[in-house]
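A quick write-up on the structure given underneath.
Reckoned from all heavy atoms, side chains included, excluding hydrogens, waters and symmetry mates. Positions are given from 1 along the sequence.
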Amino acid sequence: MPSRADAEAYVEWINTFENISHKCRHISDFSNGIILFEVLADIDPKWFKLIRSADVGENWVLKINNLKKLHKLVTRYYEEVLGRPSDRLPQISLNAISKDSDVTETIKLCQLIICIAVMCNKNEVYIEKIRSLSHEHQHALMISIEEVIKSIQGTSDAASMVRESSASGNSRGLQYNDSDPVLHNPMELDRILEEKKYLETQHKQLIEKHGQLQNRYDELQGEKEDLQLRLREMDKAVEQANETGRADYIMRTEIEHLKQDLQRSEDRRQEVEMLLDTQNETIADLTQRRLG
């Protein structure tokens, strides 16, 4: 059963969003769906467009229309973006929210939204918002997140839940399990965020160095091909000179120089190729750790 602290935690968290039309004082302010739509539009504006009725007042029919649209988009987001079956999500009575501003049902809806926030592409932003709250409210929200994760995983699935990248380019998920310290310890959350930022910086720098090496490799490959062409032309010239009796020491010396240049170019090319292979392995490892 949700506590008063749960409701207050969601009000405090949602008030951290700068794009909401007004600050909230009570969780009943969410009953028309407008503020929740605004929060979701901040999380993913392409998916959650502000499709809502204006000036709904206390008209529960208009309220429930908003809530139905919101809930439909949320469940589709879990399925199509996060790759999670919507039939495992908690059942919510939208009637109870729109007619009676039911706190328990409203918190259920808020739980779905905060889980989207911590699993979306900009999850660091919304985790920082959680960290800005009082420790009591941080703890309440982490427990709420854990409840939804458990329901999504199913009682027999104890594996970590990971959101993988989709074809549209969304990436970077978070992992959760029953004993995940992130859900209970703000200091651990802080440490993980710092480590994530470090890995992303290292990944970016390595990608840049890899690009520079790739350019150098391409240059050396072109140099090698040019030297090979010149060597073939020189061999052909020597063959023709031998036929006419005009082969001389200078031509043979030039051929030897070309062969030496070609060997040096090949040695440099192989060295760069080895560096590229090493960096490819490092990039793959960093990418795995960053996504994990």
Side-chain angles (χ1 to χ4, degrees), residues 2 4-57 62-63 65-67 69-78 81-82 92 97-98 101 103 106-145 148 163 168-174 182-183 186-187 189-194 196-197 200-201:
R4 179 179 178 180
D6 295 327
E8 291 175 349
Y10 278 108
V11 171
E12 186 182 5
W13 180 67
I14 284 178
N15 279 336
T16 63
F17 285 78
E18 297 179 357
N19 68 313
I20 58 175
S21 53
H22 62 85
K23 296 297 183 182
C24 303
R25 292 182 297 178
H26 190 269
I27 198 166
S28 62
D29 294 341
F30 307 156
S31 64
N32 60 17
I34 293 176
I35 293 292
L36 299 181
F37 252 124
E38 291 171 344
V39 168
L40 287 166
D42 184 84
I43 294 170
D44 192 333
K46 292 183 179 179
W47 189 274
F48 299 104
K49 296 179 182 179
L50 291 178
I51 305 173
R52 56 179 173 81
S53 302
D55 302 323
V56 298
L62 296 179
K63 286 183 178 182
N65 284 340
N66 280 346
L67 292 171
K69 294 173 185 176
L70 183 147
H71 188 258
K72 182 178 180 180
L73 288 173
V74 165
T75 53
R76 284 183 54 207
Y77 194 90
Y78 272 92
V81 179
L82 303 183
I92 301 173
I97 299 176
S98 59
S101 299
V103 173
T106 305
I107 287 177
K108 287 182 183 179
L109 185 56
C110 290
Q111 284 179 293
L112 299 187
I113 292 171
I114 198 170
C115 280
I116 287 177
V118 300
M119 291 187 287
C120 74
N121 214 29
K122 302 182 296 181
N123 51 14
E124 299 97 334
V125 174
Y126 305 110
I127 291 174
E128 284 292 337
K129 290 181 181 293
I130 296 174
R131 291 178 57 246
S132 71
L133 309 181
S134 66
H135 288 301
E136 179 187 8
H137 289 170
Q138 286 186 49
H139 180 72
L141 294 181
M142 292 302 179
I143 295 300
S144 283
I145 293 170
V148 176
R163 178 173 63 82
S168 62
N170 290 334
S171 61
R172 294 182 307 181
L174 295 178
V182 178
L183 298 173
M187 294 181 64
L189 178 62
D190 190 22
R191 184 192 67 77
I192 289 174
L193 283 173
E194 288 300 321
K196 188 171 187 290
K197 289 177 183 177
E200 288 178 343
T201 300

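To the nearest 0.5 Å, atom CD1 of residue Ile20 and atom CD of residue Glu18 are 10.0 Å apart. The line from CZ of Phe30 to CG of Leu67 is 12.5 Å long, rounded to the nearest 0.5 Å.
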* Check step by step if side-chain contact (heavy atoms from CB on, under 4.5 Å) holds for Ile130 and Ile114. => CA-CA 10 Å; Ile130 296 174; Ile114 198 170; 4.0 Å; yes
* To do: Apply the test side-chain contact (heavy atoms from CB on, under 4.5 Å) to residues Phe48 and Ile116: give CA-CA distance (whole Å), side-chain angles for both, the deciding distance (0.1 Å), then the verdict.
  => CA-CA 12 Å; Phe48 299 104; Ile116 287 177; 4.2 Å; yes
* **side-chain contact (heavy atoms from CB on, under 4.5 Å) assessment of Thr16 paired with Ser132** => CA-CA 9 Å; Thr16 63; Ser132 71; 4.1 Å; yes
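Minimum heavy-atom separation, Arg131 to Gln138: O-NE2, 3.1 Å. Residues Leu133 and Ala9 share a closest heavy-atom pair of CD1-O, 4.2 Å. Taking every heavy atom of both residues into account, Ala140 and Ala5 meet most closely at CB-O, 4.4 Å.
Counted by atom type alone, Tyr10 and Ser144 present one or more donor-acceptor pairs between their side chains at under 3.5 Å.
Between Asn32 and Leu62 the shortest side-chain heavy-atom distance does not fall below 4.5 Å. Residues Leu109 and Leu70 meet the side-chain proximity criterion, which asks for heavy atoms closer than 4.5 Å. Tyr78 is listed as a side-chain neighbour of Leu112, based on a closest heavy-atom distance under 4.5 Å. Counting heavy atoms from C-beta on, the side chains of Leu40 and Leu73 never come closer than 4.5 Å. Side-chain contact between Ile35 and His22 is present, with at least one heavy-atom pair separated by less than 4.5 Å. With contacts defined as side-chain heavy-atom distances shorter than 4.5 Å, the pair Cys110/Leu36 qualifies.
A donor-acceptor pair is defined here as one N or O able to donate and one able to accept, closer than 3.5 Å; such a pair exists between the side chain of Lys122 and the backbone of Asp42. Judged by distance alone, the side chain of Asn15 and the main-chain N or O of Cys24 form a donor-acceptor pair under 3.5 Å. Asn66 places no side-chain N or O within donor-acceptor distance of the main-chain N or O of Lys63, the cut-off being under 3.5 Å.
Residue Lys72 qualifies as open at atom NZ: its count of foreign heavy atoms under 6.0 Å is 12 or below.
Aromatic ring pairs are classed by plane angle as parallel below 30°, tilted from 30° to 60° and perpendicular above 60°; the pair Tyr77 and Trp47 is perpendicular.
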